[in-house]
There are 2 protein chains.
Amino acid sequence: MNIYDIAREAGVSISTVSRVLNNKGNVTAATRARVERVLARSNYTPSAIARGMAGKPLRTIAVLTVDIRVPHYARTAYTIEREFSRRGYEVSLCNTGGERAEAIRYLRAVTEKHADGIVLVGSIFNQLGSDPQAAPFLREAPVVLANGRIDLPNSYSVLVDDRHGAALAVEHLMARGCRDLFCVRDVATESAEAKCEGFVRALEHAGISDGQDRILDTGQSIAGGEEAVKALLASGRRVDGIVCGEDITASGVVRALRAAGLRVPQDVAVTGYNDSEYARVCDPALTSVDNKPELVAMLCVQLLESLIEKTGPFSSVTIQPELVVRDSA
Amino acid sequence: MNIYDIAREAGVSISTVSRVLNNKGNVTAATRARVERVLARSNYTPSAIARGMAGKPLRTIAVLTVDIRVPHYARTAYTIEREFSRRGYEVSLCNTGGERAEAIRYLRAVTEKHADGIVLVGSIFNQLGSDPQAAPFLREAPVVLANGRIDLPNSYSVLVDDRHGAALAVEHLMARGCRDLFCVRDVATESAEAKCEGFVRALEHAGISDGQDRILDTGQSIAGGEEAVKALLASGRRVDGIVCGEDITASGVVRALRAAGLRVPQDVAVTGYNDSEYARVCDPALTSVDNKPELVAMLCVQLLESLIEKTGPFSSVTIQPELVVRDSA
DNA sequence: CCGGACGCTGAAAGCGCTTTTTTCAAGCAT
DNA sequence: ATGCTTGAAAAAAGCGCTTTCAGCGTCCGG
């Protein structure tokens, strides 16, 4: 059932049906009524493909994320989807797992389908801007990168000041009287680097200069947190505070500390990052840095929408995280 | 840059370019080489829209979920996306939040865009099959419903036997010596009903007939779990085992029990459901029912793909969950 | 040496819309 | 009564592909 069928049944031309459907141009009330009656009793669904063919935008947004199962990305993607949906867009999603090839494959696919805009969620995607295979696709539609910088003509960023976030955690621990702090780096991203930098700087600010030696590397998981603590305790170094790069890792840190007979926060205070549900499930509930994924997502959507509609001026923005104090520190 | 530009530069017709691009029909090596050279030095991207217009499938799958932020749905959606991506499809996502209007709006949009198939993730979507507004769209493309039944021509289900899952939890608790069991129902879905039914049946099987009176209603959250326990303890009824409908609720149950001075699992054993990361973060780690979202997703993808390619025969399937024993029971 | 088959390529139609252009008729002023 | 204007609706073009069909040259067998 297409527009020709409707036109034939209503005894008008397809352009008239189109005018009725899109509510534009002049149509007499009588003609409009006749078309609408036919429309009502048919189950006609206009083809967005054909509409796209005729030059109208398809109103779809491509969202690239590392892994939607990570709560932080889920929250970001959720808000992006909801907000674009509210604005009449549909969102298409890809979990690249950080695989460059996967990102390129997907970017090609959405370019072929004429996506109206692209949102990259995760600092890892900043690489794509300088990737000769990926960059051409990123020029075909406006791009917004959540949590990372990208240098391309029609691309902007919404950044979170993770350096500041880590510094907030350090300051809080110090205010509690902690002096022997460590920082757990559980992933190799720009964002993790920023946290470490914030940690080191905050220590320097307090007159402690060996911050760089107080960074523990491990994996982003409960087991990762546990291992980091085991290694730390085995080293015999004194510790009374640990800043973690992720709540899930922090929960492993807490678990290992308790297993070693240490009390949290009395003996060792621990902070998480992302203020996820894990922070509330963990016992004791984690003090965590809220980096506001919903706010970031909202800003991404607003920015991308104005980019699509070319209602500038545009600019990248940076937001500040906040510390949420609970029981672990 | 379109196929006409390529054809002109290569000095051939567009049909020849099309043949080269799609690797079909006969083209001499010389002609093919000439076209490919032009192709290589251009940044031509074929239009999937135009290809769709010409009758080819666009290879997009629509996925409806309640809320991607719920880990169980995130795991399901993730696997669906990855598997379809691997098969050359793109997935579009909508979080309906259980809103009928939102589902309908989205179904209309994807129908207009000629989605090749639809996956409904969550038992709540079984309503759509009998919804006069939604059903027409569900007839336009094959549909697979994860975790619920739907009665429509081209629709099939992948079910999890949640009755059995709850029964597994009951049996485990009884084997530990628990006798005064309760079940926490934290949401009003078909799936939650099945769990309660499994709970009641399993009790009956053990000679306990008042299972129906042992169901506690609350919200699906940490607070929900806490409230259920507070109400239960206030009632003065004896309890030594609690079966929960979700890990997150179970974590609240554990927290409230401990706050009341009860030991888990020694005084009261607790089981969760979904075997999510929450079960591992919780202290003590939750014994939980694994309802295998990845397996369900894989089966959905396989089923939907064969539906799309009409390589039958098709049939709905039911899978059995398994109990994962940890420290809480 | 000619007819038919076959391989390669181009021409053209068609997919379902939007939009521009054209047609037509009615209404009005001169 | 003629010419103009105006508004409604039809006609037609165009979007970028795929695919069918037709044309044309070549090769082979009779």
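Both backbone and side-chain heavy atoms feed into the values below; hydrogens, waters and symmetry mates do not. Throughout, a chain's letter reflects where its sequence line sits, starting with A, and its residues are numbered from 1.
Contact annotation: A:Lys24 side-chain N/O to C:dT19 OP1/OP2 distance is under 4.0 Å. Remark: A:Thr31 is in phosphate contact with D:dA9, judged by side-chain N or O atoms under 4.0 Å from OP1 or OP2. Between B:Asn22 and D:dT18 there is a side-chain polar atom (N or O) within less than 4.0 angstrom of OP1 or OP2. Distances shown here put a side-chain N or O of A:Thr16 below 4.0 Å from the OP1 or OP2 atom of D:dA10. Close to C:dC17, at under 4.0 Å from its OP1 or OP2, lies a side-chain N or O of A:Tyr44.
Looking at A:Ser13 and A:Thr16, their side chains do bring a donor and an acceptor atom within 3.5 Å of each other.
Among the atoms of the strands shown, base atoms are found under 4.0 Å from some heavy atom of B:Asn26. A:Ser47 comes within 4.0 angstrom of sugar-phosphate atoms only, judged by non-hydrogen atoms across all strands, and of no base. Contact annotation for A:Ser15: base contact, defined as any heavy-atom pair under 4.0 Å involving a base atom.
Taking only side-chain atoms of B:Pro46, from C-beta outward, the nucleotide of C:dG10, D:dC17, C:dG16 with the closest atom is D:dC17. In this structure, of C:dG10, C:dG16, D:dA10, it is D:dA10 that holds the atom nearest to the side chain of A:Arg19. Side chain of A:Val27, nearest nucleotide from C:dC8, D:dG14, D:dA9: D:dA9. The A:Tyr4 side chain lies nearest to C:dG16 when the options are D:dA10, C:dG16, D:dC17.
The distance from atom CG of B:Asn23 to atom P of D:dT19 is 13 Å, rounded to the nearest whole Å.
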